[in-house]
Asker: 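Got a structure for you, questions after.
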Amino acid sequence: VQLQASGGGSVQAGGSLRLSCAVSGRTSSDYNMGWIRQAPGKEREFVAVIRWSGDKTRYQNSVKGRFTISRDNAKNTLYLQMNSLKVEDTAVYYCAAAVVFTTSVSIYDYWGQGTQVTVSS
């Protein structure tokens, strides 16, 4: 399966961005889908995950209430709506697919190439 993330960019603190992830090669509904980010000099960290059916989600505590993960299986696309962005949200954001519903970064089976999100003060 191939994943292509897009939608990153530069925004001021308090602003919003919407990331998208196009899934090809397999039907997206075969997988649980997540967003993982990596800030400069730091390890990759879990951001959000959505179950293959779309009926269950989990978020990292620092993004709860600000980020919303969603999916459109008919379009084979995953989304991450990011509101009230903070400087500390600056990172490369990756979409990833997993057979299991997990918040563990190491469990994801397939990864996209990443999209840069930069939040300035």
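All of these numbers come straight from a predicted model, not from anything done at the bench.
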Asker: Does any donor atom in the side chain of Ser104 or Ser106 lie under 3.5 Å from an acceptor atom in the other side chain?
Answerer: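 The criterion, which ignores hydrogens and geometry beyond distance, is satisfied for Ser106 and Ser104.
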Asker: To the closest 0.5 Å, what do you measure between CZ (Arg37) and CZ (Phe46)?
Answerer: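 The CZ atom of Arg37 sits 10.5 Å away from the CZ atom of Phe46.
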Asker: Between the main-chain N or O of Val117 and the side-chain N or O of Asp89, is there a donor-acceptor pair closer than 3.5 Å?
Answerer: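 Judged by distance alone, no pair lies under 3.5 Å.
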Asker: Rounded to the nearest 0.5 Å, what separates atom SG in Cys21 from atom OH in Tyr93?
Answerer: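 One finds 15.0 Å between SG of Cys21 and OH of Tyr93.
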Asker: Determine whether the aromatic ring centres of Tyr110 and Tyr31 lie less than 6.0 Å apart.
Answerer: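 Here the rings of Tyr31 and Tyr110 have centres that are less than 6.0 Å from each other.
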Asker: Verify the neighbour count for atom CD of Glu88: are there more than 12 heavy atoms of other residues, nucleotides or ligands below 6.0 Å?
Answerer: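 Above 12, so yes.
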Asker: Look at the side chain of Thr90 and the backbone N and O of Val119, then say whether any donor-acceptor pair between them is shorter than 3.5 Å.
Answerer: yes
Asker: Is it the case that one hydrophobic cluster holds both Trp35 and Val99, taking links as side-chain heavy atoms less than 4.5 Å apart, direct or via other members?
Answerer: yes
Asker: Which pair of heavy atoms, one from Ala97 and one from Met33, lies closest together, and at what distance?
Answerer: CB-SD, 3.6 Å
Asker: Do the non-hydrogen side-chain atoms of Phe67 and Leu19 ever get within less than 4.5 Å of each other?
Answerer: no
Asker: With rounding to the nearest 0.5 Å, note down the distance linking CD1 in Ile36 to OG1 in Thr103.
Answerer: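 If we round to the nearest 0.5 Å, Ile36:CD1 and Thr103:OG1 are 10.0 Å apart.
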Asker: With a 3.5 Å distance limit and no angle check, can you tell me whether Gln113 reaches the backbone of Ala5 through a side-chain donor-acceptor pair?
Answerer: yes
Asker: Check whether any side-chain N or O of Asn73 sits under 3.5 Å from a backbone N or O of Trp52 as a donor-acceptor pair, and report yes or no.
Answerer: yes
Asker: Within a strict 4.5 Å, meaning less than it, do heavy atoms of the Ser16 and Asn83 side chains meet?
Answerer: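 Contact flag for Ser16/Asn83 side chains = yes.
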Asker: To the nearest 0.5 Å, how far apart are OH in Tyr59 and CG in Leu80?
Answerer: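 The CG atom of Leu80 is 7.5 Å from OH of Tyr59, to the nearest 0.5 Å.
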Asker: Any link between Val63 and Val105 through a network of hydrophobic side chains (Ile, Leu, Val, Met, Phe, Trp, Tyr) touching at under 4.5 Å?
Answerer: no
Asker: Can you tell me how far OG1 of Thr115 sits from CG of Leu17, rounded to the nearest 0.5 angstrom?
Answerer: 8.5 Å
Asker: Could you measure the distance from the NZ atom of Lys56 to the CZ atom of Phe101? Nearest 0.5 Å is fine.
Answerer: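 Between atom NZ of Lys56 and atom CZ of Phe101 there are 5.0 Å.
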Asker: Between Leu78 and Ile69, does a side-chain contact (heavy atoms from CB on, under 4.5 Å) hold up when you go through it step by step?
Answerer: CA-CA 8 Å; Leu78 173 73; Ile69 189 171; 3.9 Å; yes
Asker: Thr77 side chain to Lys75 main-chain N or O, any donor-acceptor pair under 3.5 Å?
Answerer: yes
Asker: When you measure from the side chain of Trp111 to the backbone of Leu3, do you find a donor-acceptor pair of N or O atoms at a distance under 3.5 Å?
Answerer: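 Not confirmed, Trp111 side chain does not pair with Leu3 backbone.
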Asker: Would you say Tyr94 and Val49 are hydrophobically clustered, going by side-chain heavy atoms of ILVMFWY under 4.5 Å?
Answerer: yes
Asker: Between Tyr108 (side chain only) and Thr102 (backbone N and O only), is there a donor and an acceptor less than 3.5 Å apart?
Answerer: yes
Asker: Donor-acceptor check, side chain of Arg71 to backbone of Arg51, threshold 3.5 angstrom: yes or no?
Answerer: yes
